[in-house]
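Order of the sequence lines sets the chain letters (A, B, ...), proteins ahead of strands, with each chain counted from 1.
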Number of protein chains: 2
Amino acid sequence: MPTIKEVALLAGVSTATVSRAMMNPQQVAEKTRRKVEAAIAEVGYSPNAIARNLRTSESKTIVVIIPDIENMFFAKIVRGIQTIAQQQGYKVLLGDTVHNATLANDYLELVRSKQADGVISLTAELPKVLQHGTSMPMVMACEYFPDFPIPTVRIDNQAAAYQAVKYLLELGHKQIAYISGPLDNPICIARSAGYRQAMQEAGYSINELAKEEGDFSFHSGHAAFERLHRQYKMSALFCFNDMMALGAMRSAISLGLKVPDDLSIVGMDDLLFSQYTDPQLTTIMQPQTLIGETAMQILIKILNAKTVHQDNVLQTQLLVRSSSRRYQKL
Amino acid sequence: MPTIKEVALLAGVSTATVSRAMMNPQQVAEKTRRKVEAAIAEVGYSPNAIARNLRTSESKTIVVIIPDIENMFFAKIVRGIQTIAQQQGYKVLLGDTVHNATLANDYLELVRSKQADGVISLTAELPKVLQHGTSMPMVMACEYFPDFPIPTVRIDNQAAAYQAVKYLLELGHKQIAYISGPLDNPICIARSAGYRQAMQEAGYSINELAKEEGDFSFHSGHAAFERLHRQYKMSALFCFNDMMALGAMRSAISLGLKVPDDLSIVGMDDLLFSQYTDPQLTTIMQPQTLIGETAMQILIKILNAKTVHQDNVLQTQLLVRSSSRRYQKL
DNA sequence: GTGAAAGCGCTAACAG
DNA sequence: CTGTTAGCGCTTTCAC
């Protein structure tokens with residue numbers, strides 16, 4: 001790999017001039033600049049970013065921590081992040097934690113060690129790893145932690161779940177079950193609260209058997225429904241995300257149930273495929289692209305000025321499709 | 001951020017000793033090491049990887065370049081890569097190029113600048129960017145370039161397409177159309193050849209109207225089918241990947257066609273959702289996890305010993321499901 | 001407008 | 001076993 005020194009030699013200038021020609025072109029004479037550019041092209045020089053970062057303590061790179069790259073929900077969010085990042089000259093690196101806190105920590109390491117300037121976390125694995133109260137430019141998207149004072153962009157999880165369950169109640173359903181994500185996850189706690197709020201408002205008691213736990217994956221939704229089906233007689237099901245809803249729907253169908261005739265299903269997220277399955281999935285849509293864009297905008301503000309915007313709450317929307325219908329006696 | 005100097009000062013040793021205590025603990029006296037470790041903990045020191053990499057030219061990190069994070073096909077491959085990487089102590093960073101050669105180049109930059117040791121490319125954007133014949137530890141997965149002597153892990157694209165089309169021919173179909181990815185993409189050229197081979201063997205001529213181009217995305221498959229439907233009367237359709245096949249299937253259905261009664265569809269990849277759509281998608285399965293694992297294993301060998309394993313070809317398999325059926329006169 | 005020189009934080013000889 | 005020294009490749013004062 002050619003270095004700046006070789007370019008300088010060939011162009012007959014000092015390394016400082018070569019550096020300036022790249023960083024502040026207007027500071028260097030037209031003629032000199034052209035010589036430098038020619039030399040750069042000739043040797044095929046490309047600056048060593050790592051040396052540059054070491055010097056400037058800035059990498060113009062951010063890292064996005066994703067819990068599960070197989071969950072399509074995150075793809076659109078990443079795209080939103082990338083759009084803004086690119087506009088502002090930031091590169092984005094993705095880290096998939098496979099729901100593993102140690103890996104999440106490795107990615108945080110990139111920021112500590114100056115390989116990246118900041119991080120957007122889409123995962124809930126972080127607090128286990130943030131005991132040191134380590135402070136770094138960071139924004140949390142989707143997930144959130146009441147105890148950690150980290151700028152967050154998210155939806156109102158309790159209200160969203162409330163809306164989903166309320167919708168099912170209005171259709172006349174009484175036996176409404178739900179499949180949650182990990183029970184200790186704050187967004188799941190909030191969504192559970194939304195479920196309870198809606199049920200209690202309608203005057204129904206909460207049946208512990210009406211709940212099963214998954215991990216947000218398709219397969220966990222499939223498995224959770226099988227357990228649920230054995231233990232609780234329901235006419236409607238609310239799943240905490242679409243991947244699980246889709247898994248549960250498949251499970252229901254293969255158990256011989258008709259959706260929505262025997263079972264209404266409502267999910268949450270609105271994935272690309274949610275509208276193309278059979279039946280199409282009714283769901284609470286999350287503005288995925290906007291979540292990503294907002295998160296990146298906040299991170300850039302933090303990087304520039306240390307301004308902290310706490311807790312941005314974005315709007316969701318109920319999308320009624322064909323996986324849900326009015327309750328009918330069987 | 002505390003530096004090694006502060007640790008050294010606090011521990012009452014030189015920076016070299018601190019460094020050794022971290023890199024080669026056995027080289028430093030038990031007692032000294034303990035002092036150093038205590039100092040590290042006290043100031044909350046964490047080494048600046050960027051300075052370290054600048055010095056050692058090694059990062060124990062590899063980068064995976066992905067053309068489109070929204071295409072689920074890549075998720076499983078990435079998981080395969082991660083499994084092996086983790087076993088061998090490598091971190092993996094993901095870079096989504098959004099089909100953009102400039103971004104692809106940025107990620108290559110990570111290797112040139114020693115922020116990563118090697119790269120696995122799942123994208124076809126590279127050659128445009130590799131004019132300089134730049135050599136770096138790299139393996140190509142899925143895509144390949146006949147002209148570039150880069151270790152590759154892939155399937156036999158022509159044979160796979162041949163198998164798909166042959167299958168449709170055996171079902172009695174004669175009017176078989178196909179939706180390709182970008183026409184200048186080598187794997188698409190190979191798959192087109194497989195299509196032609198099968199058609200010609202069966203004694204059918206090639207109709208230029210029986211072909212449309214997409215970009216491997218769901219939406220492009222949807223749009224391509226609409227064009228195809230206007231210009232060519234077909235009883236069967238082969239799509240170069242499942243995302244497009246799923247898009248085409250939706251398009252067909254919304255145009256009032258029955259799948260498979262009016263139109264048989266065969267895809268390629270075998271995504272998680274391919275078996276859960278209605279109808280379930282017949283497809284040529286690619287061993288995604290294995291592709292990822294193999295690619296990473298090869299990269300590690302290159303990193304260790306410069307051994308080059310050219311062109312590993314993995315097996316595919318036709319999965320017959322319900323989106324295809326025997327031809328019937330209408 | 002340009003060059004000389006210092007140094008970002010770290011590791012790796014080389015001495016001792 | 002440990003300290004001293006010399007850079008890795010780059011940017012950035014500070015002079016000229």
With a 4.0 Å cut-off on heavy atoms, is B:V13 in touch with a base, just the backbone sugar-phosphate, or nothing at all?
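Since only primed, P, OP1 and OP2 atoms lie under 4.0 Å of B:V13, the category is sugar-phosphate.
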
Side chains of B:D215 and B:S220, donor plus acceptor under 3.5 Å
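Per modelled atom types, B:D215 and B:S220 side chains form a pair under 3.5 Å.
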
Distance-only polar pair, side chains of A:E109 and B:S46, donor-acceptor under 3.5 Å:
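There is such a pair between these side chains.
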
In residues 27-35 of chain B, what residues come within less than 4.0 Å of DNA chain C, judged by heavy atoms?
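Of all residues in residues 27-35 of chain B, none places a heavy atom under 4.0 Å from DNA chain C.
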
Candidate nucleotides [options], ranked by approach to the side chain of [X] - the nearest:
| X | options | answer |
| --- | --- | --- |
| A:R20 | C:dC10, C:dA13, C:dT2 | C:dT2 |
| B:M23 | D:dG3, C:dT11, D:dC10 | C:dT11 |
| B:A51 | C:dA12, C:dA4, C:dG9 | C:dG9 |
| B:T15 | D:dT12, C:dT11, C:dG3 | C:dT11 |

Round to the nearest Å and state the distance from [X] atom [atom1] to [N] atom [atom2].
| X | N | atom1 | atom2 | answer |
| --- | --- | --- | --- | --- |
| A:L54 | D:dT12 | CG | P | 12 Å |
| A:N53 | D:dC8 | CG | P | 18 Å |
| A:R55 | C:dC8 | CZ | C1' | 6 Å |
| A:M22 | D:dC10 | CE | P | 9 Å |
| B:K60 | C:dC10 | NZ | P | 21 Å |
| B:I50 | D:dC8 | CD1 | P | 17 Å |
| B:E58 | C:dA12 | CD | P | 10 Å |
| B:Q26 | D:dT2 | CD | P | 13 Å |

Flag the pair A:P2 / A:V7 as yes when at least one side-chain heavy-atom distance between them is below 4.5 Å, and no otherwise.
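Of all side-chain heavy-atom pairs linking A:V7 with A:P2, none is under 4.5 Å.
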
Can you list the steps and then say if A:D117 with A:K91 is a salt bridge (Lys or Arg N to Asp or Glu O under 4.0 Å)?
CA-CA 10 Å; A:D117 298 340; A:K91 295 170 198 19; over 6 Å; no

Kindly compute the distance separating OG1 (B:T152) from CE (B:M138), expressed to the nearest 0.5 Å.
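B:T152 OG1 to B:M138 CE: 9.0 Å, rounded to 0.5 Å.
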
Could you walk me through whether A:I69 and B:L94 pass side chain to side chain contact (heavy atoms under 4.5 Å, CB included), step by step?
CA-CA 10 Å; A:I69 197 187; B:L94 273 30; 3.6 Å; yes

Does B:R154 have any side-chain hydrogen bond (donor to acceptor under 3.5 Å, both in side chains) partners at least two apart in sequence or in another chain, and if so, which?
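B:R154 satisfies side-chain hydrogen bond (donor to acceptor under 3.5 Å, both in side chains) with B:D311 once adjacent residues are dropped.
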
Considering just the side-chain nitrogens and oxygens of B:T17, establish if one lies under 4.0 Å of OP1 or OP2 belonging to D:dG3.
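It does, given that an N or O in the side chain of B:T17 lies less than 4.0 Å from OP1 or OP2 of D:dG3.
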
